[in-house]
Amino acid sequence: MTEKIIEIRNATVYRGSVKVFENLSLEIIKGNNTAIIGPNGAGKTTLLKLLSRELYPTNSDSSYVRILGRERWNVWDLRSHLGIVSYDLQHQYAGHVRGIDVALSGYYSSVGTYRYQDFSPKQIQQAQQIMAKLEIASLQDKLFAAMSTGEQRRLLLVRALVNKPHTLVLDEPTASLDLKGTFTYLNIVRKLMQTGNTVILITHHLHDIPPEVTQIILIKRGQIIAQGDKQQILTDENLSELFETPIQLVAMNGYYQAIPAAS
């Protein structure tokens with residue numbers, strides 16, 4: 001039996017007085033690595049807040065957002081199933097926080113660590129092991145402000161992984177990274193997918209999509225305009241409609257890139 005990680009039905013969602021989604025429906029099955037693609041203003045940030053339970057749809061008998069079949073979650077329980085690494089989170093950390101403290105803060109879903117928080121030797125060891133796995137063991141005592149953007153991004157991934165979630169939601173995963181940082185980060189994401197994690201990418205960059213992604217969801221102005229198999233959805237026509245500009249899709253080695261279509 002297939003397990004639905006995310007199931008959204010007829011969700012109408014407001015951010016303040018602005019209606020972002022009206023009757024939004026989508027679902028993602030466990031093991032189905034997915035990229036959610038849309039231009040700025042499409043509703044990607046609001047969707048992320050729905051998944052992190054920062055926002056809820058308006059009350060309706062026919063409307064719900066379920067994660068692993070449940071509409072209500074304690075954030076402490078949810079983090080062991082769903083690890084979220086948001087682009088905004090990177091800017092919330094103070095520069096004086098040490099690398100190991102960023103990693104350990106994942107146990108409490110906090111931004112940094114505090115004196116009242118206790119960490120067992122096992123938790124500290126686990127955080128250190130994941131840092132080593134992601135090849136950033138040397139960052140343990142380094143200040144967050146002194147790290148490169150790529151190092152910070154990998155450290156936030158460690159923060160999510162300490163709770164051993166089976167699913168990761170990555171928001172704009174390579175934003176602000178140079179080519180080396182982008183390739184390094186995507187290689188880590190690929191290894192996570194290959195070793196059993198389900199990954200959901202939220203992005204407007206096609207180069208963020210590793211070969212292991214099988215499902216694509218295109219979102220525009222709060223509406224799903226296409227959803228399905230990667231080869232069927234990633235087309236010149238669909239992307240040109242999504243971004244409202246003529247696009248030619250280039251595919252190589254399992255990756256995709258968009259270039260301006262010939263006039």
Participant: Side-chain contact test, heavy atoms from C-beta onward, threshold under 4.5 Å: evaluate it for I67 versus L82 and give yes or no.
Facilitator: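 Of all side-chain heavy-atom pairs linking L82 with I67, at least one is under 4.5 Å.
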Participant: Can you list, by chain and residue number, the hydrophobic cluster partners of L186 when the side-chain cut-off is 4.5 Å?
Facilitator: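 Direct or chained contacts put L186 with Y255.
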Participant: Is it true that the NZ or CZ of R72 lies under 6.0 Å from the centre of Y56's six-membered ring and within 45 degrees of the ring axis?
Facilitator: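 Satisfied, under 6.0 Å and within 45°.
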Participant: List the atom of R15, the atom of L55, and the distance in Å for their closest heavy-atom pair.
Facilitator: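 That would be CG-CD1, 3.7 Å.
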Participant: What I'd like to find out is whether the side chain of E3 reaches to under 4.5 Å of the side chain of I29, using heavy atoms alone.
Facilitator: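 Not in contact.
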Participant: By ring-ring contact (aromatic ring centres under 6.0 Å, His included), which residues pair with Y256, not counting sequence neighbours?
Facilitator: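 If we apply the ring-ring contact (aromatic ring centres under 6.0 Å, His included) test to Y256, skipping adjacent residues, there are no hits.
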Participant: Under the 4.5 Å side-chain heavy-atom rule for ILVMFWY, direct or indirect, which residues accompany I259?
Facilitator: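 Reading the cluster by chain and number, I259 sits alongside V250.
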Participant: Quick one, M131 and I100 - any side-chain contact, counting heavy atoms below 4.5 Å?
Facilitator: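 Side-chain contact under 4.5 Å: yes.
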Participant: Is any side-chain N of the basic residue among E7 and K4 closer than 4.0 Å to the acidic one's carboxylate O?
Facilitator: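 A salt bridge links E7 with K4.
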Participant: Testing the basics here: between A11 and S63, what is the closest heavy-atom pair and its distance to 0.1 Å?
Facilitator: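 Shortest heavy-atom contact: CA-OG, 3.5 Å.
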Participant: Does the side chain of I188 reach to within under 4.5 Å of the side chain of E135, using non-hydrogen atoms?
Facilitator: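 Not touching, per the 4.5 Å side-chain cut-off.
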Participant: Distance check, rounded to the nearest 0.5 Å: T46 atom OG1 versus L51 atom CG?
Facilitator: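 Reported value, rounded in 0.5 Å steps: 11.0 Å.
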Participant: If you measure from OH on Y108 to CD on Q123, what distance do you get to the nearest 0.5 Å?
Facilitator: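 Nearest 0.5 Å value for the OH-CD distance: 6.5 Å.
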Participant: Just do the side chain to side chain contact (heavy atoms under 4.5 Å, CB included) check on L157 and L192 with the steps written out, would you?
Facilitator: CA-CA 11 Å; L157 187 54; L192 290 170; 4.0 Å; yes
Participant: Report yes or no: do F144 and I124 belong to one cluster of Ile/Leu/Val/Met/Phe/Trp/Tyr joined by side chain heavy-atom distances under 4.5 Å?
Facilitator: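 F144 and I124: one cluster.
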Participant: Search all heavy atoms of N197 against all heavy atoms of T167 and return the closest pair with its distance.
Facilitator: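 That would be ND2-N, 4.5 Å.
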Participant: With heavy-atom distances below 4.5 Å as the criterion, would you say the side chains of E212 and Q194 are in contact?
Facilitator: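 Heavy-atom side-chain distance check passes, below 4.5 Å.
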Participant: Mind checking whether V189 and Y185 have side chains closer than 4.5 Å, heavy atoms only?
Facilitator: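 Yes, at least one pair of side-chain atoms sits under 4.5 Å.
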Participant: List in chain and number order the residues that pass ring-ring contact (aromatic ring centres under 6.0 Å, His included) with H207, two or more places apart in sequence or in another chain; answer none if no residue qualifies.
Facilitator: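 Scan of H207 (ring-ring contact (aromatic ring centres under 6.0 Å, His included), adjacent residues dropped) gives H205.
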Participant: Does some side-chain heavy atom of P165 sit less than 4.5 Å from a side-chain heavy atom of H81?
Facilitator: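 Result no, sub-4.5 Å side-chain heavy-atom pair not found.
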Participant: Check which hydrophobic residues are tied to L179 through side-chain heavy-atom contacts below 4.5 Å, counting indirect links as well, and list them.
Facilitator: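 Under the 4.5 Å side-chain rule, L179 groups with F183.
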Participant: Does the Q215 side chain pair with the main chain of A35, one donor and one acceptor, at a distance under 3.5 Å?
Facilitator: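 No, the answer is negative, given that no donor and acceptor are paired below the 3.5 Å cut-off.
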Participant: Using every non-hydrogen atom in the two residues, find where N33 and T198 come nearest and quote the distance to one decimal.
Facilitator: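 Heavy atoms of N33 and T198 come nearest at OD1-CA, 3.4 Å.
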Participant: Under 3.5 Å, is there a donor-acceptor pair between the side chain of S240 and the main chain of I247?
Facilitator: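 Flag set: sc S240 to bb I247 pair under 3.5 Å.
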Participant: Does Q248 CD have over 12 foreign heavy atoms under 6.0 Å away?
Facilitator: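 Correct, the count exceeds 12.
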Participant: For S86 and D171, what are the C-alpha separation, side-chain angles and deciding distance, and is it a side chain to side chain donor-acceptor pair (under 3.5 Å)?
Facilitator: CA-CA 5 Å; S86 71; D171 175 41; 5.1 Å; no
Participant: For residues V65 and E71, determine if any side-chain heavy atom of one lies less than 4.5 Å from a side-chain heavy atom of the other.
Facilitator: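 When only atoms from C-beta onward are counted, E71 and V65 do not touch, as no gap falls below 4.5 Å.
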Participant: Let's go through L218 and N238 carefully: what are the C-alpha distance in whole Å and the side-chain angles of both, what is the deciding distance for side chain to side chain contact (heavy atoms under 4.5 Å, CB included) to 0.1 Å, and is it a yes or a no?
Facilitator: CA-CA 8 Å; L218 303 184; N238 284 342; 3.9 Å; yes
Participant: If you measure from the Lys or Arg side-chain nitrogens to the Asp or Glu carboxylate oxygens, is any gap between E241 and K220 under 4.0 Å?
Facilitator: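 So E241 does not pair with K220 through a salt bridge.
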Participant: Just how far is it from atom CD1 of I130 to atom CZ of R159, taken to the nearest 0.5 Å?
Facilitator: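 So the CD1 of I130 and the CZ of R159 are separated by 13.0 Å.
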Participant: The test is side chain to side chain contact (heavy atoms under 4.5 Å, CB included); show your working for N187 and T184 and say whether it passes.
Facilitator: CA-CA 5 Å; N187 188 50; T184 298; 5.8 Å; no
Participant: For L143 and H96, which heavy atoms make the closest approach, and how far apart are they?
Facilitator: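 Of all heavy-atom pairs spanning L143 and H96, the closest is CD2-O, 3.2 Å.
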Participant: Can you tell me if R153 uses its side chain to pair, donor with acceptor, with the backbone of S176 under 3.5 Å?
Facilitator: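 Side chain of R153 to backbone of S176: no pair is present.
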Participant: Closer than 3.5 angstrom, by distance alone: can the side chain of R154 be matched with the main-chain N or O of L134 as a donor-acceptor pair?
Facilitator: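 It does hold such a pair.
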Participant: Pair T214, N32 - check side chain to side chain donor-acceptor pair (under 3.5 Å), show working.
Facilitator: CA-CA 6 Å; T214 56; N32 198 355; 2.5 Å; yes
Participant: For the OG1 atom of T203 and the CG atom of L170, what is their distance to the nearest 0.5 Å?
Facilitator: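 Going from OG1 on T203 over to CG on L170, the span is 10.0 Å.
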Participant: Any side-chain donor paired with an acceptor under 3.5 Å for N163 and S80?
Facilitator: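 On atom types as modelled, these side chains do not qualify, holding no pair under 3.5 Å.
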Participant: Could you tell me whether R66 and E27 make a salt bridge, using a distance below 4.0 angstrom between a side-chain N and a carboxylate O?
Facilitator: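 Result for this pair is no, no salt bridge flagged.
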Participant: Nearest 0.5 Å, what's the OG1-CG distance between T34 and L26?
Facilitator: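 Interatomic distance, T34 OG1 to L26 CG, rounded to 0.5 Å: 9.0 Å.
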Participant: State whether R221 and E244 are salt-bridged, where the test is any N-O pair (Lys NZ or Arg NE/NH1/NH2 against Asp/Glu carboxylate O) under 4.0 Å.
Facilitator: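 Result for this pair is yes, salt bridge flagged.
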Participant: Taking atom types as modelled and ignoring hydrogens, do the side chains of T235 and E237 form a donor-acceptor contact shorter than 3.5 angstrom?
Facilitator: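 Side chains of T235 and E237: no pair found under 3.5 Å.
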Participant: Atom CD1 of I37 and atom CG of L234: how far apart are they, to the nearest 0.5 Å?
Facilitator: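 Output value for this atom pair is 5.0 Å.
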Participant: Look at the side-chain heavy atoms of Ile, Leu, Val, Met, Phe, Trp and Tyr, link any pair under 4.5 Å apart, and say whether Y64 and L48 land in one connected group.
Facilitator: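 Hydrophobic grouping puts Y64 apart from L48.
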Participant: Looking at every non-hydrogen atom in both residues, tell me the closest pair between V158 and A103 and how far apart they are.
Facilitator: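 V158 and A103 have their closest heavy atoms at CG1-CB, 3.7 Å.
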Participant: Output all residues satisfying side-chain contact (heavy atoms from CB on, under 4.5 Å) with S25, sequence neighbours left out; order by chain, then residue number.
Facilitator: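 Per chain and number, S25 pairs via side-chain contact (heavy atoms from CB on, under 4.5 Å) with R9, N10.
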Participant: Sub-3.5 Å donor-acceptor pair from the side chain of K44 to the main-chain atoms of P39, do we have one?
Facilitator: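 Yes.
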Participant: So which of L50, T58, T12 actually passes side chain to side chain contact (heavy atoms under 4.5 Å, CB included) with F21?
Facilitator: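 The passing option is L50.
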Participant: Would you indicate whether N59, at its atom CG, is surrounded by more than 12 heavy atoms from other residues, nucleotides or ligands within a distance under 6.0 Å?
Facilitator: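 Count not over threshold, so no.
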Participant: Can a donor-acceptor pair be found, under 3.5 Å and without considering hydrogens, that links the side chain of E151 to the backbone of L139?
Facilitator: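 The answer is no, because no donor-acceptor pair under 3.5 Å joins these two groups.
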Participant: Decide whether I8 and I224 are clustered together by the hydrophobic rule: side chain heavy atoms of Ile, Leu, Val, Met, Phe, Trp, Tyr closer than 4.5 Å, transitively.
Facilitator: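 Linked within one cluster.
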Participant: Step by step, work out the side chain to side chain contact (heavy atoms under 4.5 Å, CB included) result for I216 and Q227.
Facilitator: CA-CA 6 Å; I216 301 293; Q227 177 176 356; over 6 Å; no
